[in-house]
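As the structure is a prediction and not an experimental result, all values here were calculated from the model.
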Amino acid sequence: MCGIFGCILNEGNAAPVIHASLKRLEYRGYDSVGVATIHNGKIYMKKDQGKIDDVHRILDLDDLPGSIGIGHTRWATHGAPLKVNAHPHSDCTGQIVVVHNGIIENFSELKLELENNGHNFVSRTDTEVIAHLIEENLEKNPELSLADAVTEAVKRLEGSYAIAVLSMKEPDKIVCARNESPLVLGVGENSIYCASDIPAFLQATNKAVLINDGELIILSSKGYEIRKIRDATVVTREPEVVDWTPEMAVKQGYPHFMIKEIHEQPATLRNTLRMQEHYLDLISTFLDRASEVFLVACGTSYHACLAASYMFSKLAFLPTYPVFASEFVEQHGKSVNIDSTILAVSQSGETADTLAAVNCSQQRAATILGLTNTIGSTLTRVSRVYIGQQSGPEIGVAATKTFTSQLSVMAQLALKLSKKRGKISQDEMDYLAEKLETLPETVETIILTQEEKIKQLASKYKDAKIFFFLGRGINTATAYEGRLKLMEIAYVPSIAFPAGESKHGPISLIEPGFPVIFICAKDGSTHKTLIGNIMEMKARGASIISIMEEGDEEVKALSDDYIEVPKGIPEVLSPIPFAIPLQLLAYYMALEKGYNPDMPRNLAKSVTVK
Ligand code: F6R
C-alpha cells in the first residue's frame with residue numbers, strides 16, 4: 001500500500017501542496033517519498049528514501065517550480081526502500097513520470113520484453129515498466145494522445161494499480177488509471193486533485209469523485225474526464241460532498257484503525273495472492289532441503305507460525321517446530337547448526353526477540369528465511385531470502401490483516417512445497433489453490449453478513465469475567481489468536497488450549513454460564529472430536545459460542561450462540577476466515593467496555609528495536 005497524489009492549480013506552486021498532501025497520506029506508507037512537477041517545458045523531480053519530514057529537511061520538497069505535479073509516499077513491495085526505487089519513475093527519455101500504488105504481477109515479462117526493445121531500467125520496481133510502456137506506445141505512434149498511450153499501456157498490465165502520469169507530451173494534464181487500488185478525485189474551485197484517499201485533499205475541497213476499476217481519468221485545469229479503459233467510452237459522474245472530519249477521513253470513515261484494517265482484509269488477501277512465484281519457489285526449495293525447520297515469531301505472528309506448522313505437515317509432510325522467539329535462544333540456542341533453517345515471521349521485521357533468535361541462529365551458521373510486512377526492516381537485511389507479505393502498513397495496534405496475510409503466504413508456501421515433494425494429487429492441489437483464491441470473497445461475506453450479529457454478541461457477553469477459546473488441530477492456533485485479541489484489546493482475561501486438553505484440568509473452571517468459544521471447522525478430521533468437547537462443556541452448563549460453517553446443524557444444535565462462515569472451507573485453510581469473527585468480537589467487546597481499540601493500555605513499545 002502506498003499513497004499517490006497529483007494536482008493542477010490555477011494559481012501558485014503545486015510542490016508545497018503535494019508535500020502537505022503526502023504528509024496526510026503517510027499512514028499508507030512512509031519508507032520513501034518523491035515529487036515531480038512540470039514548469040516551462042521541463043520536468044523537475046526530487047525523491048529519496050526515508051520519512052517525508054526527513055527527506056524534506058534535506059531536499060526541500062517545496063522547492064520545485066510549476067503549478068502541476070504528482071507525488072508518492074511509498075511502502076515497499078518490489079525493490080528495497082532506496083532512492084533509486086522511490087517514485088516517481090521515469091521512462092528512458094525522462095519525459096514521462098509515473099507514480100503507482102499496487103502490484104503489477106506480470107512486470108518481469110514486460111520488463112524483459114521492454115529491455116529487449118532497448119529500454120533501460122534503473123530501478124527494481126514493478127512501476128518502472130509503466131513509464132517505459134507509455135514511452136514505447138508514443139514512440140511507435142507519435143500521433144497518440146497521452147491518454148491513449150496510457151490506455152494502451154495499462155491494457156497490458158496484470159495486477160492492481162492506481163497510477164498518475166505526468167508527461168512533456170501534454171504538460172498541462174495528469175492522466176490516471178485504476179484497477180483494484182483506490183483512486184479518488186478532488187474538485188476544488190481553482191484546482192483539481194487525484195489521490196489514493198480523500199484526506200489528501202480534504203483541506204482544500206470536500207467535493208470528491210470516486211473512481212472505479214477499469215477507468216482512466218484525464219485531469220486538466222478545465223476539470224476531469226472519465227473514460228472506460230476497455231473501449232474509451234466517456235463516463236459522466238458528478239462530485240459528491242464528503243462530510244468527514246480530517247480525522248475520520250484518515251480512517252476512511254471508520255471510527256478506528258482496527259476496524260478499518262479488519263475490513264481491509266479482502267483486499268490485503270488479494271494482494272497476498274499476488275506473491276512473486278520466484279520467492280515462494282526459492283523459500284520452498286530451502287525448506288525442502290532443510291534437515292530441521294524452526295518457525296520463529298512472537299505474539300500473533302507466532303500464532304500464524306503455529307497454524308503454518310499444521311499446513312507444512314498436512315500438505316507437504318514436512319515437520320516444523322514453531323517456537324516463541326523469546327524462548328528460542330534458551331531452548332535451541334545450543335543445538336541449532338549449519339543444517340538448521342529458521343523461518344522468522346515478523347510483521348514489523350524489528351521485534352527484538354525475533355531478531356535475537358535470528359542473530360543467535362546466524363552465528364551458528366543456520367539458514368535464515370524471513371516473512372515480513374516491512375521491506376527494508378532488519379529482518380529483510382539479515383535473511384538469506386525473504387518474502388514481503390504485502391498487507392500495507394499496520395496502524396492499528398492489534399495485528400489483524402497481517403495475521404491473515406501471513407497465513408495466506410504460508411499456505412501458498414506449503415502448497416508449493418507439497419508440489420515439489422509430490423505429496424498431494426494434482427486434483428487436491430487445484431482444489432486447495434482454488435479455495436485459497438476465493439478466500440478474499442469468503443472473508444468479505446463474513447464481514448458483510450456477521451458483523452451485526454457479532455456486535456450483539458459483544459453486548460450480550462460484555463460482563464463476562466473470563467472466556468475460554470477452544471479448537472482442535474490447526475484451529476488451536478486460531479483459538480490462541482482469538483484469546484490474544486480479546487485480552488489485548490478488550491482486557492478480558494481469556495484462556496485458550498487445544499480442546500482435547502479440557503478434561504486434563506481446565507474443565508474444572510466451568511460453571512453455569514461460563515462462555516466458551518469453539519472454533520469449529522467442518523471439513524477435516526477434527527469436527528467429530530470437537531463435538532465431543534462441546535458436549536462435555538455443555539454438560540457442565542457452559543454457554544457455548546460457536547464459530548461454525550453455515551449449515552453445520554450438529555454444532556448449531558449444541559450452541560447458545562453461533563457465528564456462521566460460508567460452507568466448504570478446507571480445514572487446512574480455515575484459520576484465515578475463522579479468525580475474522582474473533583477479530584470483530586475483540587473490537588466490539590472493547591467498544592462495549594468503553595475502551596479505545598487503537599490504544600491498548602500497556603502498549604509494549606519496548607518489544608521492537610528501530
Ligand atoms: C498482537 C500483536 C503482537 C505482535 C507481536 C509480534 O495483536 O500485534 O502480538 O504480533 O508483537 O510483532 P511482529 O509480527 O511485528 O514481530
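Remark: the backbone N or O of E180 is paired with a side-chain donor or acceptor of D213 at under 3.5 angstrom. Between the T205 side chain and the F201 main chain, no donor and acceptor come within less than 3.5 Å of each other. Distance alone, capped at 3.5 Å, is enough to place a donor-acceptor pair between the T374 side chain and the S348 backbone. For the pair D48 (side chain) and V55 (backbone), a donor-acceptor distance under 3.5 Å is absent. Proximity of a side-chain donor or acceptor of H72 to a complementary backbone N or O of H100 within less than 3.5 Å is detected. With K169 contributing its side chain and I96 its backbone, the two residues share no donor-acceptor pair below 3.5 Å. Looking at E128, its side chain never comes within 3.5 Å of a backbone N or O of T125 through a donor-acceptor pair.
Looking only at side-chain heavy atoms (C-beta outward), E451 and Y588 come within less than 4.5 Å of each other. You'll find the side chain of I454 stays beyond 4.5 Å of the side chain of Y587, heavy atoms only. In this structure, the side chains of Y224 and P239 come closer than 4.5 Å at one or more pairs of heavy atoms. Under the 4.5 Å side-chain criterion, counting only non-hydrogen atoms from C-beta, V129 is in contact with F121. Proximity of C92 to H132: side-chain heavy atoms (C-beta onward) are separated by under 4.5 Å at one or more points. Two residues are said to be in side-chain contact when any heavy atoms from C-beta on lie closer than 4.5 Å; L138 and Q95 fail this criterion. The shortest side-chain heavy-atom distance between L355 and S346 does not fall under the 4.5 Å cut-off. The shortest distance between side-chain heavy atoms of L112 and L110 does not fall below 4.5 Å.
Considering only residues two or more places apart in sequence or on other chains, K51 meets the side chain to side chain contact (heavy atoms under 4.5 Å, CB included) condition with E26, Y30, D54.
In summary, the side chains of S408 and T272 do not present any donor paired with an acceptor at a separation below 3.5 Å, with no hydrogens or angles considered. For the 3.5 Å distance criterion, the side chains of H263 and Q252 fail to qualify, holding no donor opposite an acceptor. Side-chain atoms of T93 and E135 form no donor-acceptor pair, as typed in the model, at a separation below 3.5 Å. Using a 3.5 Å distance cut-off with no hydrogens or angles, the side chains of Y254 and E261 do not pair a donor with an acceptor.
Between L22 and G3, the shortest heavy-atom contact is CD2-O, 4.3 Å. Residues D598 and N596 approach most closely at N-OD1, 2.8 Å, considering heavy atoms. Nearest heavy-atom pair across L379 and T372 is CD2-CB, 4.1 Å. Between K47 and G34 the shortest heavy-atom distance is CB-CA, 3.6 Å. The two atoms that bring I134 and A153 nearest to each other are CG1-CB, 3.8 Å, heavy atoms only. When all heavy atoms of P440 and L269 are compared, the pair lying nearest together is CG-CB, 4.0 Å.
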Walk me through whether V209 and I217 qualify under side-chain contact (heavy atoms from CB on, under 4.5 Å).
CA-CA 11 Å; V209 184; I217 300 94; over 6 Å; no
Using side-chain contact (heavy atoms from CB on, under 4.5 Å), reason through H119 and K111 one step at a time and then give a plain yes or no.
CA-CA 9 Å; H119 290 262; K111 188 171 175 177; over 6 Å; no
T300 vs K485, side chain to side chain donor-acceptor pair (under 3.5 Å): CA-CA, chis, key distance, verdict
CA-CA 9 Å; T300 292; K485 289 290 97 100; 3.0 Å; yes
Check the pair E350 / T378 against side chain to side chain donor-acceptor pair (under 3.5 Å), numbers first and verdict last.
CA-CA 6 Å; E350 300 290 354; T378 308; 2.6 Å; yes
Take Q347 and Q406, measure what side-chain contact (heavy atoms from CB on, under 4.5 Å) needs, and give me the verdict at the end.
CA-CA 8 Å; Q347 183 283 129; Q406 285 168 347; 4.2 Å; yes
Between L369 and L371, is the side-chain contact (heavy atoms from CB on, under 4.5 Å) condition met? List the steps.
CA-CA 7 Å; L369 309 173; L371 167 58; over 6 Å; no
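Between L82 atom CG and Q49 atom CD the span is 5.5 Å, to the nearest 0.5 Å. N85 CG to S32 OG: the interatomic distance, rounded to the nearest 0.5 Å, is 7.5 Å. Taking CD1 of I198 as the start and CG of L25 as the end, the distance is 11.0 Å to the nearest 0.5 Å. To the nearest 0.5 Å, the span separating CG on N373 from CD1 on I387 amounts to 12.5 Å.
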Sequence neighbours excluded and cut-off under 3.5 Å, please list the side-chain donor-acceptor pairs for residues 58-67, or say none.
from: D60; atom 1: OD1; to: D62; atom 2: N; distance (Å): 3.2
from: D62; atom 1: OD1; to: H19; atom 2: ND1; distance (Å): 2.8

Check: residues 185-195 side-chain donor-acceptor pairs under 3.5 Å, at least two apart:
from: S191; atom 1: OG; to: Y193; atom 2: OH; distance (Å): 2.8

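Among Q583, K401, R270, E444, the single residue meeting the side-chain hydrogen bond (donor to acceptor under 3.5 Å, both in side chains) criterion with Q265 is Q583. No option in L133, D126, I163, I229 other than L133 meets the side-chain contact (heavy atoms from CB on, under 4.5 Å) test with L157.
For the pair K42 and Y44, the cation sits on the ring face: its NZ or CZ lies under 6.0 Å from the ring centre, inside 45° of the axis.
A salt bridge does not link D197 to R24: none of the charged nitrogens lies less than 4.0 Å from a carboxylate oxygen. Under 4.0 Å is where a charged nitrogen must lie from a carboxylate oxygen, and between K140 and E136 at least one such pair does. For the pair D148 and R227, the salt-bridge criterion is met [side-chain N within less than 4.0 Å of a carboxylate O].
In R274, the CZ atom is crowded: over 12 heavy atoms of neighbouring residues, nucleotides or ligands sit closer than 6.0 Å. The number of heavy-atom neighbours closer than 6.0 Å to NZ of K155, taken from other residues, nucleotides and ligands shown, is above 12. When the shell of 6.0 Å around CZ of R124 is examined, it contains 12 or fewer heavy atoms from other residues, nucleotides or ligands.
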